[in-house]
Amino acid sequence: MKLTPWLAAFVVVLVAGGQATAAEVAGLPLHVTRLNPSTVRLWVGDHVSSTAVVAFATRKGIVVVDTMGSPRVDTTLRGIIARELRRNDFKVLINFHEHGDHVDGNSVLADCDIVAHDLVAEGMRRNQGSRQQMQDWMGTRMREAEAKLAQLSAGSAEAEKLKENLILDRLNLEFHSSGKPPAVPTTTFSDRLTLDMGDTTLELTFIGGMHSASDVAIFVPQHGLLLTGDTMADRWLDETPGCLAAFAARPGVGHDFPGLIANWKRILQPREQIKLLLPGHWNGELSLAGAEARIDYLRTLWEGLQAAVNSGRGLPDVQAEYRLATRSPGLATSPGFSDRNHAMTLQEMWRVAAGQESAAITLHALIEEGAGEAALRQVLAEREKRPGAYYFSEGEINGHGYAFLRENKVDKAIALFQLNLELFPDSWNVYDSLGEALLRAGDAARAAAMYERSLALNPDSSSGKEALARIGAQAGS
């Protein structure tokens with residue numbers, strides 16, 4: 001096959017089942033892996049968690065799973081896919097979910113049938129609405145990274161990692177600043193969809209809820225491949241797993257836990273046919289045992305929470321019983337798991353099983369909009385009702401207080417921490433957090449009182465000791 005000069009510049013030497021890096025795309029190292037004679041996997045970068053694009057040569061044409069999220073990069077990747085598969089009949093693009101690093105390059109394959117879950121287009125519209133906010137955030141992050149890079153030794157591992165992140169940020173900012181909308185899906189489905197491509201079948205199943213609202217898994221039985229998107233990994237290949245860092249049910253995402261568990265059980269049932277599981281980013285690996293353990297974790301939690309609701313127990317009892325380290329010790333230190341992620345999943349499951357909304361989210365919204373004391377008291381009063389309209393989680397409320405602090409909304413953080421203290425007066429951590437906010441507000445006397453109370457409840461608190469030492473030093477200077 002004769003190659004045009006621009007395409008020849010990206011030639012890499014491939015070994016079946018292996019990979020080589022011999023070129024760059026937009027300044028990022030290019031990786032191409034041949035999974036089998038008719039399937040390739042491509043990504044860019046050695047240190048950034050970029051999307052891994054998979055392309056299948058089928059009797060009816062080329063099927064591409066996901067874009068890298070940058071039209072400039074995806075244009076080049078399209079040419080490389082055509083060269084590697086020795087054909088140019090692109091027919092189908094499948095999006096794993098709605099996030100920009102999977103859909104923002106859709107325009108490059110807009111001549112294809114774009115297949116995704118029903119919720120992807122809605123998510124893409126939301127992304128469009130937050131473009132300016134994204135540009136502002138990325139601009140700040142890039143300036144900070146550039147300043148840090150100037151202080152690092154050229155060629156150091158940290159510098160190389162930061163350089164790649166800066167390149168990826170510039171590519172993303174280029175797209176967000178263009179004002180061009182990505183191409184939306186042309187074929188959608190709600191639960192399951194099978195694509196018959198002649199000699200290749202792609203079985204799409206909805207698994208939304210543990211990463212985004214619209215996640216799907218893709219099983220290709222002829223190749224024994226199960227593509228799992230950004231939902232999970234049980235081994236990280238570098239220290240920045242990015243989208244694979246959390247296996248958690250996030251607030252604000254719709255959840256059908258029985259459907260999610262049932263669909264995963266169906267996906268994993270033909271286990272003898274599954275030869276390789278592929279996450280949606282290059283820097284994570286997933287084993288069949290790892291996937292099964294994560295779904296068993298969800299099933300155990302869901303069944304336990306349903307039983308707790310039916311017996312009239314409350315969320316604090318369930319949180320005490322289902323501690324990650326004691327109930328799932330094999331997963332406690334596994335990729336994607338942390339006490340914070342576990343708490344989010346537990347709370348979201350409780351919200352669905354008990355039909356209660358989050359008091360933390362409601363109080364945060366009320367304080368943000370400047371609601372009066374009466375509105376806040378109305379929420380707190382629900383705690384005494386059985387069942388009330390809200391569930392109350394000390395950790396979740398505290399987390400929303402810190403969200404205010406990160407936005408430099410110190411007075412609002414203090415207001416929320418004070419409500420948390422009223423709800424959980426025996427928690428040393430709540431006093432510690434309120435002390436931190438008061439100190440940020442310049443009220444050292446009240447902050448010291450909070451830290452002293454925190455230490456009385458937890459004498460081993462290093463944060464309390466350090467804060468009091470700083471307050472004392474400042475007072476004596």
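Counting begins at 1 with the first residue of the sequence.
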For a quick test of your reading: what N or O donor-acceptor pairs under 3.5 Å do the side chains of residues 260-273 make, sequence neighbours left out?
| unit_1 | atom_1 | unit_2 | atom_2 | d |
| --- | --- | --- | --- | --- |
| N263 | OD1 | R266 | NH1 | 2.6 |
| N263 | ND2 | D191 | OD1 | 3.0 |
| N263 | ND2 | F206 | O | 2.9 |
| R271 | NE | E292 | OE2 | 2.9 |
| R271 | NH2 | E292 | OE1 | 3.0 |
| R271 | NH2 | E292 | OE2 | 3.2 |

Can you list everything that forms a salt bridge (charged side-chain N to carboxylate O under 4.0 Å, His left out) with [X]? Sequence neighbours excluded, please.
X: R340; value: none
X: R141; value: D169
X: R170; value: E146

Between [X] and [Y] (judged by ring centroids, cut-off 6.0 Å), do the two rings come close enough to count as a pair?
X: H211; Y: F247; result: no
X: H117; Y: H97; result: no
X: Y402; Y: F417; result: yes

Residues 151-188 vs ring-ring contact (aromatic ring centres under 6.0 Å, His included), sequence neighbours excluded, gives none
For E348, which residues count as a side-chain hydrogen bond (donor to acceptor under 3.5 Å, both in side chains) partner, sequence neighbours excluded? H255, R351
Show, in sequence, the C-alpha distance, side-chain angles and deciding distance for D111 and R78, and conclude whether the salt bridge (charged side-chain N to carboxylate O under 4.0 Å, His left out) test is met. CA-CA 12 Å; D111 55 332; R78 176 170 176 154; 2.9 Å; yes
From CG (N165) to CE (M142), nearest 0.5 Å: 11.0 Å
Indicate yes or no: at least one non-hydrogen side-chain atom of I81 is less than 4.5 angstrom from one of V53. yes
Taking it one step at a time, do Q347 and S358 satisfy side-chain hydrogen bond (donor to acceptor under 3.5 Å, both in side chains)? CA-CA 8 Å; Q347 286 158 190; S358 164; over 6 Å; no
